[in-house]
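Data block below; observations after.
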Amino acid sequence: MKQIFSLLLLLLMTVPAFAQERITRFISSVGVDKEGTATVQEEISVWAEHQRIRRGIYRDLPSTKQEPVEILSLEMDGTPHPYFLQRQGDNLRVNFGNDEYISRGAHTYLLRYKMKNVVRFFPEYDEIYWNVTGNKWDFRIDQALFKLTLPQGAQPDETRISSYIGYQGQKGIAAHRYQLRFWTDAPLAPYQGMTVAVPWQKGVVPQPKQAWYKKYASLWPWVLAGVVMVALWIYYFLAWQRVGKDPQARVIRQFEPPEGFSPAMAAYVYNFGLCSNLLSVVISSLAVKGALNIEEKKKTFGKEYVLHLQNMRAPMLAKEEHAVLWELFGTSQHVTIEEENRDVFVKAQRVLARSLQGTCREPYLRINAQYNMPTLLALALFALAYYPILQQLLPLFLCALVLLISNFLFARIGKKNIFIWLLYVVGMCLVLQFAWHLIPNKNIPLYLGVCLTAISGGLFACWIQAYTPLGRQKMNEIEGFKEYLEIGEGGRVAASNPAQKAQIFCDYLPYAYALGVGSQWGKNFSNKIDEALLTQTMHERGLQVPQASSIGTSMAAFGSAVRSYARAKTNNGDSYSSGSSGGGFSGGGSAGGGGGGR
């Protein structure tokens with residue numbers, strides 16, 4: 001009884017080992033004929049426990065147009081067995097069995113199929129490269145064996161025969177071999193496989209003649225990239241010739257601003273629609289025109305500015321100035337530039353941006369954004385041409401689209417700002433480096449096509465923008481007036497008395513600030529007019545600065561304070577511009593695949 005009990009206990013201890021679902025043996029026999037077709041027989045023995053193996057298993061076989069697979073038969077335990085096929089991309093899935101469950105325990109399948117064009121041709125030899133088991137089984141394989149029969153007359157090159165056991169992409173260890181028989185002496189873990197490569201002398205299997213167009217198939221990505229880029233550049237040139245060329249400039253120095261142009265309008269047109277100090281320009285202009293008063297107060301740390309309403313209906317206000325005045329003083333007579341009033345300045349910035357865009361965009365500026373569509377279409381063409389790897393390339397095309405949009409914005413600002421151009425170049429280099437790592441297999445034609453399209457598209461987004469004829473005429477007047485502001489002297493000012501000079505200084509100060517020459521304007525007049533008189537006149541005109549000679553520093557500090565509170569905050573506390581921004585004060589055969597339970 002003790003012996004019987006010990007035997008039963010031993011059997012119970014071995015049950016879990018036998019009960020584990022797995023492939024107990026995988027035997028593959030491949031015979032290659034002189035046409036390069038392989039006839040394959042795979043004997044797959046499994047242990048089923050109705051965990052993952054319930055109705056049977058499935059086998060994934062690579063099957064492409066160049067290497068099609070034909071299923072000949074399937075048997076289970078020595079009798080014909082049903083199966084059905086499914087296409088899985090470049091794989092053909094053979095589902096063993098039907099909807100009926102198989103019994104638990106050991107079963108042996110015998111799968112027969114053919115695969116064409118399995119021979120790979122090299123300059124010195126021909127070869128069959130065969131992934132015996134495939135690397136996608138999610139079961140352990142206790143033992144794998146492989147037997148190869150070469151075409152008649154083929155002599156294997158013993159020095160070049162190789163075999164690998166391990167995970168996909170790794171060489172692993174070599175299989176055991178005797179002549180053209182290969183086997184493993186240890187189980188294969190899930191997703192491990194065995195691969196064999198056997199070469200022989202040339203001339204045994206005739207190499208199929210390649211169609212003329214297939215000989216140059218490797219060149220088509222270069223042709224596609226070249227044709228798209230040349231066509232795109234020709235389009236860029238023709239579109240720029242038609243709508244992107246600025247009318248010829250004829251700048252003549254003049255002593256007055258363009259008629260009907262407020263300081264904010266002058267800055268908007270001069271900077272082609274972008275300028276970060278527009279709100280502070282409008283506030284300074286409102287002060288000079290008597291609508292409000294700017295009070296500068298010293299604090300323990302820094303300065304504080306308070307805006308006092310003087311006249312809500314002051315004369316000679318521009319449209320955008322009137323809109324900003326009502327937004328600032330709609331509910332109060334005094335507004336301090338501080339955190340508590342951020343919403344007031346954010347709304348004023350938005351109102352100002354909308355007003356200037358409606359006033360200045362159409363008559364003076366042409367953005368021509370619709371002419372950028374071919375760039376986006378070219379990127380889409382590259383995406384369609386490489387559709388099989390589109391999923392992997394999605395980050396690259398998204399990156400290129402971001403580069404195109406950022407180029408468009410940077411280029412608009414960069415027309416007047418060299419630092420933005422430097423930032424643009426640095427950003428472009430980073431994107432190029434990032435894109436290179438995303439390209440599968442370092443596909444150079446695709447890489448060059450996508451990156452050149454995005455880069456040239458960004459530059460084109462800048463070049464296609466232009467002034468209208470009326471806008472160029474106003475730019476001539478603005479640039480001529482700016483020349484006068486930089487010099488600070490002219491016939492009208494020279495003949496004026498000191499009081500008139502002080503009035504001219506205050507009248508034109510917002511324009512000088514708007515065009516980035518406020519410091520020069522202040523320095524020139526501080527030497528030509530009494531400092532006390534100039535400071536007194538400024539105080540009377542609503543600009544309460546300590547002294548006229550420091551007007552450049554004071555205006556810069558005031559503009560910085562306004563800009564800091566004219567930006568809305570995101571949920572994480574970071575700021576973003578709520579209105580206009582920028583500018584500032586400046587072939588072969590191999591089985592492989594895998595399988596699983598069903």
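Counting begins at 1 with the first residue of the sequence.
Among all heavy-atom pairs drawn from Ala291 and Leu325, the shortest one is CB-CD2, 4.0 Å. Listed here is the closest heavy atom pair of Leu232 and Pro374: CD1-O, 3.8 Å. Asn311 and Gly290 make their closest contact through CB-O, 3.7 Å (heavy atoms, listed as atom of the first residue, atom of the second, distance). Between Leu328 and Ala348, the shortest heavy-atom distance links the atoms CD2-CB, 4.0 Å. Across all their heavy atoms, Ala264 and Val281 have their closest contact at N-CG1, 3.8 Å. Contact record, Tyr270 with Glu479: CE1-CG, 4.1 Å, taken as the closest heavy-atom pair.
Take Glu304 and apply the side chain to side chain contact (heavy atoms under 4.5 Å, CB included) test, not counting sequence neighbours, and it matches Lys297, Lys299, Val306, Thr336, Glu338. By the side chain to side chain donor-acceptor pair (under 3.5 Å) test, Ser63 is found to be paired with no residue, residues two or more places apart in sequence or in another chain being considered.
Two rings, from Tyr364 and Phe261, have their centers less than 6.0 Å apart.
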> Which is it for Trp326 and Met312 under the side-chain contact (heavy atoms from CB on, under 4.5 Å) test, yes or no, and what are the steps along the way?
Replying inline: CA-CA 8 Å; Trp326 277 94; Met312 183 65 80; 3.7 Å; yes
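For the pair Leu309/His334, no side-chain contact is recorded, criterion being any heavy-atom separation below 4.5 Å from C-beta on. Side-chain contact check for Asp60 versus Lys136: every heavy-atom pair is 4.5 Å or farther apart. Between Leu292 and Val335 there is no side-chain heavy-atom pair separated by less than 4.5 Å. Ile478 places none of its side-chain heavy atoms less than 4.5 Å from the side chain of Tyr511. Inter-residue side-chain proximity for Leu307 and Asn293 is flagged as unmet; no heavy-atom pair is nearer than 4.5 Å. No side-chain heavy atom of Ser355 sits less than 4.5 Å from a side-chain heavy atom of His322. Proximity of Glu321 to Pro263: side-chain heavy atoms (C-beta onward) are separated by under 4.5 Å at one or more points. Between Tyr467 and Val269, some side-chain heavy-atom pair lies under the 4.5 Å cut-off.
Separation of atoms CG (Asn91) and CZ (Arg93) is listed at 8.5 Å; rounding is to 0.5 Å. Of the inter-residue distances, the one linking Leu238 atom CG with Ile234 atom CD1 reads 7.5 Å to the nearest 0.5 angstrom. Between the CD atom of Gln349 and the CG atom of Leu278 there is a distance of 7.0 Å, given to the nearest 0.5 Å. Atom CG in Leu279 sits 7.0 Å away from atom CZ in Phe345 (nearest 0.5 Å). With rounding to the nearest 0.5 angstrom, the NZ atom of Lys482 is 6.5 Å from the CG atom of Leu515. Atom-to-atom distance recorded for Arg350:CZ and Arg354:CZ is 8.0 Å, nearest 0.5 angstrom.
Counting non-hydrogen atoms of neighbouring residues, nucleotides and ligands closer than 6.0 angstrom, the CD atom of Glu327 exceeds 12 such neighbours.
Between Phe460 and the options Tyr236, Trp233, Trp240, Phe237, a ring pair (Phe, Tyr, Trp, His ring centres under 6.0 Å) holds for only Tyr236.
Put simply, the side chain of Ser262 gets close to the backbone of Met265: a donor and an acceptor are under 3.5 Å apart.
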